Amino acid sequence: MSANLFNYLLKLGDDRVVMGQRMAEWCGVGPILEEDVALTNLCLDFIGQGVSLLGKAGEIEGLGRNEDSLAFFRDDMEYKNTLLVEQPNGDFAQTIAKLFFFSTFDIIFLNELTKSKDEYLTAFAIKSLKEAKYHFRHSSNWFLRLGDGTEESNTRLQNAIDNLWLFTDELFDMDEADLELVNLGIAVDLNIVKAQWLEKMNEFFTLSKVKPTNPDCFMIKGGRKGIHTEHLGKMLAEMQILPRTYPDAQW
Amino acid sequence: MVKIDKETAFSILENVKDPEIPLLSIIDMGILRDFYYDNNKAIAVITPTYSGCPAMTMISDMVKDELVKAGLENVEVISQISPAWTTEWMSEKAKSNLKASGIAPPIKMQMTELFNIKFNDDKIECPFCNSNNTKKTSEFGSTACKSLHYCNECSQPFDYFKCI
């Protein structure tokens, strides 16, 4: 049971750490100043949520690892995030499409998680749901504006969706350990989340005048099992180099 | 060994200011939640405003310093996320302090809808001229808790402390 919960917390935590770290690459190079500030504000939330989850995971594991050791001293094959969040930022449209996919998922997921029988997960969900709501507001506003904007912005958003769509189904993957936690009322049944997520997507595809060219395409998965695209390793190398070179480094 | 009650601890910790908004103490902000003893250890409980608030470590250190200065020896600061912080915990004094320094204080509002694509606090009262003829420039500002606005009456840009 505690091993299952540890793994569950890692999956949730890794999604957020990778999401935050990846999006933070926009820091200083955002298309406009306000957007630079907005994206890094959101990164901060994701990193903060990740810190909370990985900290709890370390506590449950009981081997003396904390959020920092879990973030900085695991290799890519030990990371359990979905492939979607590690994909490169691409252009602004791709960053927005990813954020839109993820934050829509997050609202539905966290709303379900508030009913968890695990006291910590409930507290985490209530806190993070407040943040997910404005992550969604920001990304959906841009999603509408880019899709229903100029020919150029529409084309870019359309390409972004086609680049990312094949990674989305992994968000709803559950293994046996997850299902045990679902049966105990601790984890979220992702089938419920998927149905609502697809409904929301279709609503916005209509409004935004974009949609996946091939919605039933083959879905690529592997991140939850530690099998990642080449992009994660490179990102982690940059993220981890300082604490690995100087393990005792302090601010 | 010095031992103090909760009330005294809170009055001592009034000295700890939010590093990002130094005119407000952590009590005005509702960041300091509790103070108690566990055996002989003094425990101060703080809560983050936003999950990624970068000031938490600093606040935790400052709380510890302040209590040690007051003569306490065995001190621990713990951070908890439940109940989740809300702008409703901000004191009235804090809100008027904010306004006096040019930051529009959070207005009360309910955010019950899950999917809301509209920023609800569009017409924020300008902290300088009290006009409601203002517009939002950006939902994100210098810190996670503030958004940027512009007053059409007095042509002043200003920060608004967002409601969460």
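The shown structure was predicted, so the numbers you read here are calculated from the model rather than taken from an experiment. Note on naming: letters A, B, ... go to the chains in the order of the sequence lines (proteins, then strands), and numbering restarts at 1 for each one.
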Considering only heavy atoms, which portion of [X] lies under 4.5 Å from any heavy atom of chain B: side chain, backbone, both, or neither?
X: A/N141; answer: side chain
X: A/Q49; answer: both
X: A/F204; answer: side chain
X: A/L144; answer: side chain
X: A/F46; answer: neither
X: A/T104; answer: both
X: A/L42; answer: side chain

Reported [atom1]-to-[atom2] distance for the pair [X] and [Y], which is rounded to 0.5 angstrom:
X: A/E34; Y: B/S147; atom1: CD; atom2: OG; result: 12.5 Å
X: A/F124; Y: B/S51; atom1: CZ; atom2: OG; result: 6.5 Å
X: B/T86; Y: A/I126; atom1: OG1; atom2: CD1; result: 12.5 Å
X: B/T47; Y: A/K127; atom1: OG1; atom2: NZ; result: 5.0 Å
X: B/E139; Y: A/H138; atom1: CD; atom2: NE2; result: 8.0 Å

Please walk me through it: do A/K133 and B/I164 pass side-chain contact (heavy atoms from CB on, under 4.5 Å)?
CA-CA 10 Å; A/K133 283 181 181 177; B/I164 65 163; over 6 Å; no
Proximity breakdown for B/T49 and chain A, heavy-atom pairs closer than 4.5 Å
backbone
Heavy-atom distance under 4.5 Å to chain A: side chain of B/T57, backbone, both or neither?
neither
Go through it in stages, so that I can follow the logic: the residues are B/F140 and A/E35, the test is side-chain contact (heavy atoms from CB on, under 4.5 Å), and I'd like the CA-CA distance, side-chain angles, deciding distance and then a yes or no.
CA-CA 8 Å; B/F140 299 90; A/E35 200 48 40; over 6 Å; no
Heavy-atom closest contact (A/N41 atom, B/A144 atom, distance):
OD1-CA, 3.0 Å
A/A123 and B/I81 have their tightest heavy-atom pair at C-CD1, 3.9 Å
Within the supplied structure, the quantity of interest is the number of heavy atoms (other residues, nucleotides, ligands) at a distance under 6.0 Å from A/L207 CG; does it exceed 12?
yes
Within the supplied structure, the quantity of interest is the number of heavy atoms (other residues, nucleotides, ligands) at a distance under 6.0 Å from B/K17 NZ; does it exceed 12?
yes
When B/L148, B/I117, B/T137 are compared by non-hydrogen pairs under 4.5 Å with chain A, the top option
B/I117
Answer key: most heavy-atom pairs under 4.5 Å with chain A among B/G141, B/P54, B/S142 is B/G141
Would you mind telling me which of A/W197, A/F100, A/F136 makes a ring-ring contact (aromatic ring centres under 6.0 Å, His included) with B/F115?
A/F136
